[in-house]
Structure formats: structure tokens, C-alpha cells
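Here the structure is a predicted model, which is why all the values come from computation and not from measurement.
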Amino acid sequence: MQEVSHTETSSQKSQEVFQVVEHLFRHEAGKLVAALTGIFGIEHIELAEDVVQEALARALQTWPFYGVPKNPAAWIMRASRNLALDVVRREKVFRDKEPEIIHRIETESSEPDTAIFPEQEISDDRLRMMFVCCHPLIPAEAQVALALKVLCGFSVTEISRAFLTTEAAIAKRLTRAKQKIRAAQIPFEIPAGAELARRLDGVLQSLYLLFNEGYKASRGDKLVREDICLEAIRLTRLLMEHPASHQPRTQALLALMLFNAARFPTRVDDAGNLLRLQEQDRTRWNRPMIAHGMFHFAQSATGDEFTEYHLQAGIAACHCAAKDYESTDWRRILSLYDRLRAFDDSPVVALNRAVALAEVHGPQAGIEAASAIQNHPSLESYYLLHAVLGEFESRLNHAPAAADHFRKSLHLAEIKSEQAFLARRLEACEHQVSARQRASGPTSKFSPSMS
């Protein structure tokens with residue numbers, strides 16, 4: 001029995017260590033990679049990643065026996081520092097800069113549990129890394145993958161699952177992005193002046209896409225990837241805290257993210273089924289997060305800058321401010337969508353506007369607005385177009401037409417929770433059609449609208 005008890009205790013300790021290291025990997029690895037890249041040079045970004053990975057691996061090996069240190073993050077920092085020193089002394093590529101690099105990374109506190117890199121220095125290095133990852137020379141699809149890998153500590157496997165592609169495809173994107181960094185000699189710096197304004201837009205767009213991928217996954221089993229959304233929020237906060245990028249548009253994007261993230265607890269039910277906005281329990285929305293969003297939304301109004309992030313945040317704020325679905329200020333939302341189309345005349349924005357239009361002027365107005373964009377090439381495989389039209393037809397009590405749209409939407413949907421939701425809506429419409437056929441007799445069995 002003692003043998004079993006000892007084994008169970010050892011296993012429990014190893015599991016606790018694993019959880020601590022996993023947390024550090026997610027929350028500290030990106031900071032350390034950025035700090036070491038600032039020392040090694042951006043061309044040695046992979047070396048910085050390898051050093052931090054090795055330090056985390058050593059923690060997994062030694063902490064089960066010696067216990068978790070008082071300050072685990074400082075331990076990882078020091079282990080990374082010592083490994084970096086070994087690399088610098090061993091690799092010929094660092095010969096010219098060896099004294100300078102060693103001096104920078106040997107400077108430390110005498111206290112073993114104290115961090116060796118100042119927090120402000122780490123924040124600046126992470127911000128520099130963010131501008132590197134989102135440099136316009138790097139392809140857009142690789143920018144988000146690189147940010148997840150380098151800044152957020154996501155593994156290649158996690159990134160491939162997030163974007164529903166192969167690990168090989170993600171690895172290729174990352175390799176090409178790093179090759180581009182080296183070939184173009186992209187500087188490890190926060191740009192200034194006009195260059196900052198141009199580059200900031202790219203960074204904000206990457207963070208926006210990163211959040212959206214987590215908020216509504218492209219494919220797979222899970223509709224929401226909260227971990228990706230929270231990383232996007234964390235990086236946007238970091239961006240906002242630096243004077244160079246503390247801009248109204250950054251505040252507006254952060255507000256938008258917080259408003260949407262506040263609804264996480266109610267977007268799906270306990271079984272993972274999608275819940276529409278009118279079905280969500282608003283008492284479970286994260287009110288402190290909404291309050292923070294309102295604060296940043298107010299801050300975004302300073303100055304003359306006005307962006308699509310301001311308008312999208314305004315729409316999200318209307319939803320968050322309404323005590324229930326019935327009291328939503330749809331006229332205000334419709335007005336904001338009208339203004340948003342001046343920034344983004346995409347069919348997706350037009351479809352969202354059609355939803356607001358239907359709430360203000362009725363479902364027939366929504367059908368007319370949605371039908372006007374129905375033949376747009378980008379909507380050919382967009383399941384939400386048919387889902388929205390199905391809802392409009394259902395509200396008009398046009399069950400056969402609604403069933404047709406839900407059937408098309410179900411065929412196009414790729415997320416399991418959305419498929420389940422659409423299957424339920426289709427079943428309800430088909431049941432309604434069958435009931436009407438039974439009530440009107442057998443001659444209505446071959447209704448043209450159901451052909």
C-alpha cells in the first residue's frame with residue numbers, strides 16, 4: 001500500500017508541475033523569447049525560442065524532485081539566461097558581439113527569486129516583436145500564426161487545430177515568415193512617425209482577425225476558442241499601454257473585444273449548442289468586462305480619429321447596454337451599420353445590416369436587403385446568408401421557404417454546434433409544413449415550393 005501511495009503522490013506532484021509549466025509556457029514564454037531576441041538579434045529568433053523551450057523542459061525534469069521554486073517565472077528566466085550564455089560562448093556567429101551580449105544578459109539581481117529582466121524592458125521587447133510579426137512584408141495568413149507561436153506560446157499543433165489545417169502547413173508558414181524576416185532584415189523596433197501609423201493598422205487588423213478566429217472558429221467541433229480571444233485581448237492591452245500605440249483606434253478595438261468576450265458564458269449551452277442572442281441569459285454576461293469595455297470605448301472618443309473599430313464597438317455596446325433583447329436600440333444599431341458601410345462595403349456587413357433592418361422595419365425589409373446581395377461571389381458558400389433568410393421567412397410564417405434556406409445553410413455549415421442548431425430549425429419548419437399538409441388534405445402533398 002505504501003508503494004501505491006508513493007506512486008500516487010509522485011504522479012500528483014508531476015501533474016501539478018506540468019500545470020505550472022504549462023501556465024508559464026502560455027504566459028511567460030513569449031516574454032522571454034522577445035527579451036532574448038532583443039539581445040541575440042531578430043535574425044536569431046529561432047535560437048531564442050529553442051533556449052526558452054529547453055528551460056521549460058528542464059523545469060519539467062527537475063521540479064518534480066526538487067519542488068516548484070518560490071518564483072517559477074524567475075527560475076525560467078534564469079535558466080533561459082544561463083542556456084543563452086552557453087550558446088553565445090559556443091556559437092561562432094556571436095564572436096563579434098560576444099562581450100556585449102554576455103554583459104547584457106549577465107546583469108542580474110543577487111536575489112535568486114527576482115526576475116532578471118525589468119518588466120518594462122520585456123513589455124517593450126514584446127511590442128517590438130508584435131510589429132515584427134505583423135510587418136507588411138509577411139503574408140497576412142502567416143502574421144497571425146507567427147504572433148500565436150512567438151508571442152502567445154501556442155504550439156504548431158495548437159495553431160493547426162485553430163485554423164483547421166495540417167501541422168506541416170503551419171510549420172511551412174512559420175518557416176517562410178522567419179525567412180522573410182531574415183532576408184528583408186526587418187528591424188526589431190517600434191516604428192515612429194508616419195511609419196507607426198501605417199504599421200499600427202496592420203497590427204490592429206492582425207489582432208482583430210486573431211480575436212475573430214477565436215470568437216467564431218472557421219471549422220471544427222468548437223464554435224468558440226476562448227484561449228485565442230483572451231490572447232488577442234492581452235496583446236491589444238499591451239499595445240494600448242505603450243505611448244507610441246496608445247491611440248483611439250486601439251482603445252476602440254479593445255472595447256470591441258471586451259464587449260464580445262463578455263458574452264462567452266452564454267454563446268453556447270451546456271451541451272455545446274449554439275444560442276441566439278435572444279436566447280442568451282444576460283444575467284450571466286460578464287458585467288465587469290462590459291464595464292471595462294465601456295471605459296475604453298469612452299476613451300476611444302478622444303481626438304478626431306474615427307475608425308470602423310469605433311462603429312463596431314458602438315454596435316456591440318448597444319447589445320451590452322440592453323437589459324433584454326426586446327429593449328435593444330435597433331434603430332441606433334441600424335444607423336451605425338449605415339455608417340460602417342462607408343468604411344467596409346463588404347457583403348458580410350450588408351448582411352448584418354439586413355438583420356438590423358428587419359428588427360426595425362420587419363422581416364420582409366430584411367429579405368429584400370439580403371436578396372440584393374445574394375448573388376455576390378463571396379457569399380456562394382456563406383451559410384449565414386441562408387440561415388438569416390430562413391429566420392426572416394420563418395418570422396413571416398413561410399415555413400416551406402424557411403425550410404429551403406435552412407437546408408441550404410445546413411449543407412454549407414462546418415461547425416458542429418451550428419449544424420445542430422440549423423438541423424433543429426430545419427426540423428421545426430419541416431414539422432410545420434407536414435402539419436399544414438395533413439390539415440389541407442393529400443392534394444397539397446406536392447407543393448411546388450417544396451420541390
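- A cation-pi geometry, defined here as NZ or CZ lying under 6.0 Å from the six-membered ring centre and within 45° of its normal, holds between R267 and Y215.
- Looking at T62, its side chain does come within 3.5 Å of a backbone N or O of R58 through a donor-acceptor pair.
- Residue F406 forms a side-chain contact (heavy atoms from CB on, under 4.5 Å) with just one option from E430, H386, R425, E427, and that option is R425.
- Atom CZ of R332 has 12 or fewer neighbouring heavy atoms from other residues, nucleotides or ligands inside a 6.0 Å radius.
- A pairwise comparison of heavy atoms in R234 and E231 identifies NH2-OE1, 2.6 Å as the closest pair.
- Scored by the side-chain contact (heavy atoms from CB on, under 4.5 Å) test, Q205 finds Y208, L209, Y309 as partners (sequence neighbours excluded).
- Under the 4.5 Å side-chain criterion, counting only non-hydrogen atoms from C-beta, L258 is in contact with L254.
- Between R237 and E241 there is no salt bridge, since no side-chain nitrogen of the basic residue lies less than 4.0 Å from a carboxylate oxygen of the acidic one.
- Under a cut-off of 6.0 angstrom, the local environment of CD in Q278 is crowded, with over 12 non-hydrogen atoms contributed by other residues, nucleotides or ligands.
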How far apart are the C-alpha atoms of F131 and L196, what are their side-chain angles, what is the distance that settles it, and do they pass the side-chain contact (heavy atoms from CB on, under 4.5 Å) test? CA-CA 9 Å; F131 277 96; L196 172 65; 3.7 Å; yes
Take L32 and M77, measure what side-chain contact (heavy atoms from CB on, under 4.5 Å) needs, and give me the verdict at the end. CA-CA 7 Å; L32 289 173; M77 273 191 186; 3.2 Å; yes
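- Scanning for ring pair (Phe, Tyr, Trp, His ring centres under 6.0 Å) contacts around F392 gives an empty result, with sequence neighbours left out.
- Using modelled atom types, no side-chain atom of S394 and backbone atom of G390 make a donor-acceptor pair closer than 3.5 Å.
- Between S160 and E167, the side chains place no donor N or O within less than 3.5 Å of an acceptor N or O (distance only, hydrogens not considered).
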Could you tabulate the donor-acceptor pairs under 3.5 Å formed by side-chain atoms of residues 336-362, not counting sequence neighbours?
{"residue": "D338", "atom": "OD1", "partner": "R353", "partner atom": "NE", "Å": "2.5"}
{"residue": "D338", "atom": "OD1", "partner": "R353", "partner atom": "NH2", "Å": "3.4"}
{"residue": "R341", "atom": "NE", "partner": "D345", "partner atom": "OD1", "Å": "3.4"}
{"residue": "R341", "atom": "NH2", "partner": "D345", "partner atom": "OD1", "Å": "3.2"}
{"residue": "D344", "atom": "OD1", "partner": "S346", "partner atom": "N", "Å": "3.1"}
{"residue": "D344", "atom": "OD1", "partner": "S346", "partner atom": "OG", "Å": "3.2"}
{"residue": "S346", "atom": "OG", "partner": "V349", "partner atom": "N", "Å": "3.3"}
{"residue": "N352", "atom": "ND2", "partner": "V348", "partner atom": "O", "Å": "3.4"}
{"residue": "E359", "atom": "OE2", "partner": "Y325", "partner atom": "OH", "Å": "2.6"}

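- A donor-acceptor contact shorter than 3.5 Å is absent between the side chain of R249 and the backbone of T307.
- For R182, the CZ atom counts as densely surrounded, since its 6.0 Å shell holds more than 12 non-hydrogen atoms of other residues, nucleotides or ligands.
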Could you walk me through whether M257 and L207 satisfy the side-chain contact (heavy atoms from CB on, under 4.5 Å) test, starting with their C-alpha distance in whole Å, then the side-chain angles of each, then the deciding distance to 0.1 Å, before giving a yes or no? CA-CA 10 Å; M257 291 179 177; L207 293 173; 4.1 Å; yes
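- For the residue pair Q251 and H246, a side-chain donor N or O sits within less than 3.5 Å of a side-chain acceptor on the partner.
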